[in-house]
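Here is the naming used below: chain letters follow the sequence lines, and residue numbers restart at 1 for every chain.
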Amino acid sequence: MKLAALLVALCAALFVVSLTSGQVNASVGESLVALWRDDGLPLSVVMQEIRLPRALLAVMIGASLGMAGAAMQGFLRNPLAEPGLIGVSGSAALGAVLAIQTGLTLFFPLALPLAALSGAVLAVVLILLLAGPRGASITLILAGIAISALAGALTSLVLNLSPNPFAAADIVFWMMGSLADRSFDHVWLALPFMMLGWALLALSARGLDALTLGEDAAQAMGINLARLRLMLVIGTASCVGAATAVAGAVGFVGLVVPHLLRGFVGARPSSLLWASALGGAAMVLAADIAVREILPQRDLKLGVLMALVGAPLFLHLIFKTRKEMA
Amino acid sequence: MVAVLLGPAAWADQRPERVVSVNLCTDQLGLLLADSGQLISVSRLAHEPDSSAMVEAARALPANGSGAEEVYLLTPDLVLAGTFTDSATVQMLRDLGIRVELFAPARSLEDVPARLRQMGAALGRTAVAEEMVARFEADLAALTVTLTPRPRAALYYVNSYTSGDRSLASDILAVAGFDNVASEVGLDWGGVLPLEKLVMLAPDLIIQGRDYPGQARAEDTLDHPALLALSDTLQAGQLTDRDWICGTPQVLNAIRAMRDLRLSMEADR
């Protein structure tokens with residue numbers, strides 16, 4: 001409980017900092033007051049229509065990616081299972097790009113998260129088929145590399161074929177992710193799918209706990225493994241799909257956060273789920289503040305920052321896994 | 001042989017008879033000034049109605065893909081190119097003994113007469129060019145709006161890009177009676193104007209870049225709800241079209257449209 005209070009406090013503090021960092025030189029007090037004023041003045045518009053949705057999306061996306069990472073790692077019993085690394089985010093981006101480039105989103109805005117979700121479902125199912133029930137590291141990572149590479153290449157292909165001269169520049173966004181200039185439209189688009197995902201993953205918590213004792217023991221405890229797998233596939237895909245549809249593929253959140261928090265919650269998957277949700281929210285909030293403070297004029301991508309933090313940790317985890325296998 | 005010995009100076013007296021243009025803006029200058037039959041090919045973009053302000057005239061001529069190989073096979077005696085045309089292409093053509101005339105993109109309305117004169121000289125049609133310059137300057141003077149106050153306008157393109165005072169687009173605004181807000185934040189040459197800064201500037205008018213075919217996420221900022229939430233800002237929509245691209249007398253069409261907008265704002269007051 002102490003950890004929960006600490007993480008909530010951290011998220012709240014980062015939320016306020018996120019609201020007050022950006023291009024505009026206004027004092028913190030002034031900015032926060034403008035958040036509540038209904039006067040149509042420029043500062044109020046910036047706070048209400050640009051900063052607030054941005055901070056909210058950081059929380060939602062961080063929570064979704066953190067929780068999805070913890071759930072996949074619990075189910076496959078492998079600390080390397082992360083939606084970004086194993087191609088789930090990349091496939092979701094491909095789905096989103098297809099929905100935009102076919103013009104579907106012009107007539108039916110929900111096509112964007114739905115297409116991203118479909119891409120993510122496809123990738124999760126493929127991963128579970130390829131990696132097998134135990135999710136051995138080697139097959140998991142190899143399957144992930146293949147799916148990531150294919151999804152990335154197809155995304156680039158679709159964008160390069162677009163008649164729009166700016167579509168090719170979008171490749172960076174879809175591969176690296178960014179929260180720049182998102183709006184409440186994106187919040188409402190993503191929220192229903194994320195809530196579905198959070199609910200399904202929360203419901204799978206007991207099953208994941210039982211699974212730590214092995215599949216036979218879990219079944220003996222009355223866990224329906226087929227049902228658990230289905231909840232996990234839909235839950236993860238909803239979370240990752242919705243997040244990717246509005247912010248592009250933000251990697252490593254689901255790897256770094258559960259890894260940092262695992263020690264604090266006694267390695268119980270059910271506790272790690274909510275802890276990773278809060279930790280993920282804090283992490284993406286912090287990263288999104290950093291991209292604005294480090295290079296304010298350059299629209300640094302979120303994924304760049306996450307990779308700089310996440311990739312060394314990933315290498316460390318591989319090294320550790322190798323030692324265990326030896 | 002004499003021409004080779006005398007070098008470029010000798011070309012000036014000799015009127016080119018097979019002229020190929022490989023740049024959208026030289027296409028239009030060429031179409032305006034060339035004698036009939038003198039221009040034999042234009043660039044592929046000249047045939048695109050979204051980009052080319054003279055698409056009907058351009059379609060009477062075959063298009064080329066602007067590559068050295070293709071252009072050489074047309075056996076031109078003069079190639080018209082932009083200063084941003086691939087330098088490898090230009091060098092290759094020059095090495096093959098073809099005269100290449102380079103035209104810098106127009107950065108202001110003053111560049112329009114300069115480019116017309118340059119093209120007139122290149123084509124051996126200086127008299128026609130002078131005539132066109134005189135007509136352009138008279139039209140420009142007649143269209144210039146001197147109303148005050150001058151509304152503060154923002155040019156807002158894809159990827160939050162804007163044009164500053166040292167650009168043709170900004171000159172078009174100025175003549176039509178507007179001030180460009182980009183200069184208030186020091187973007188004299190243009191550059192990225194973040195959405196937050198644009199909102200804080202609260203311009204009287206936002207003019208968006210043209211809509212390109214197909215979709216791109218980079219275009220999302222153009223219809224961000226924050227822009228609509230600015231109650232005192234007029235959203236003029238997508239106005240910067242093919243008439244804004246090149247420094248030719250076609251910019252008068254752009255000025256006319258902006259002038260109509262300025263006069264309609266006056267009528268609403």
Side-chain angles (χ1 to χ4, degrees), chain A residues 21-26 38-54 93 96-106 112 158-159 161-174 178 180-187 245-248 292 296-299, chain B residues 24 44-45 48-51 152 154 156-162 181 184-187 189-204 206 208-235 238 240 242 245:
Chain A
S21 47
Q23 300 279 344
V24 178
N25 292 324
D38 188 21
D39 52 10
L41 286 177
L43 186 60
S44 314
V45 172
V46 166
M47 292 305 296
Q48 292 161 14
E49 300 289 343
I50 302 176
R51 299 274 183 86
L52 186 58
R54 182 170 190 159
V97 165
L98 281 173
I100 291 175
Q101 290 300 326
T102 52
L104 215 57
T105 50
L106 291 178
L112 180 70
V158 172
L159 290 171
L161 290 178
S162 166
N164 192 297
F166 296 98
D170 282 359
I171 294 173
V172 184
F173 166 84
W174 290 111
S178 164
D181 299 342
R182 306 278 82 189
S183 70
F184 267 109
D185 296 348
H186 300 106
V187 174
V246 295
R292 279 177 285 175
Q297 299 290 344
R298 284 298 166 132
D299 187 24
Chain B
L24 177 65
R44 199 159 285 156
L45 265 183
E48 300 277 337
D50 286 331
S51 311
R152 297 163 57 244
Y156 202 51
Y157 309 130
V158 180
N159 269 334
S160 304
Y161 197 83
T162 192
V181 292
E184 292 175 32
V185 286
L187 289 169
W189 291 93
V192 173
L193 179 63
L195 184 64
E196 287 190 5
K197 274 198 179 161
L198 174 66
V199 171
M200 290 305 284
L201 284 169
D204 298 316
I206 295 176
Q208 295 187 347
R210 68 192 178 118
D211 193 18
Y212 290 90
Q215 309 297 314
R217 195 209 62 90
E219 294 176 334
D220 275 7
T221 44
L222 295 179
D223 40 41
H224 196 284
L227 295 179
L228 304 177
L230 286 171
S231 44
D232 296 328
T233 300
L234 174 66
Q235 302 291 330
Q238 290 151 347
T240 61
R242 57 199 190 163
I245 302 171

Taking atom CD of Glu49(A) and atom CG of Leu227(B), what is their separation to the nearest 0.5 Å? 10.0 Å

Chain B contact via Asp181(A) - side chain, backbone, both or neither, heavy atoms under 4.5 Å: both

Can you say whether Ser183(A) sits under 4.5 Å from chain B via the side chain, the backbone, both, or neither, judging by heavy atoms? both

What residue among Val199(B), Leu195(B), Leu198(B) forms side chain to side chain contact (heavy atoms under 4.5 Å, CB included) with Val46(A)? Val199(B)

Selection from Pro225(B), Gly191(B), Ala202(B) maximising heavy-atom pairs under 4.5 Å formed with chain A: Pro225(B)

Spacing of CD belonging to Gln101(A) relative to CZ belonging to Arg217(B), to within rounding of 0.5 Å: 12.0 Å

When you measure from the side chain of Gln23(A) to the backbone of Glu196(B), do you find a donor-acceptor pair of N or O atoms at a distance under 3.5 Å? no

The interface call for Leu159(A) against chain B, heavy-atom contacts under 4.5 Å, is neither

Mind ranking Ser44(A), Gly40(A), Pro165(A), Ala96(A) by heavy-atom pairs under 4.5 Å with chain B and telling me who comes out on top? Pro165(A)

Is it true that atom CG of Asp39(A) has more than 12 heavy atoms of other residues, nucleotides or ligands lying nearer than 6.0 Å? yes

Side chain, backbone, both or neither of Thr233(B) within contact of chain A (heavy atoms, under 4.5 Å): neither

Please classify the contact between Phe173(A) and chain B as side chain, backbone, both or neither, with a heavy-atom cut-off of under 4.5 Å. side chain

So which of Asp232(B), Leu201(B), Leu230(B), Asp220(B) has the largest heavy-atom pair count under 4.5 angstrom toward chain A? Asp220(B)

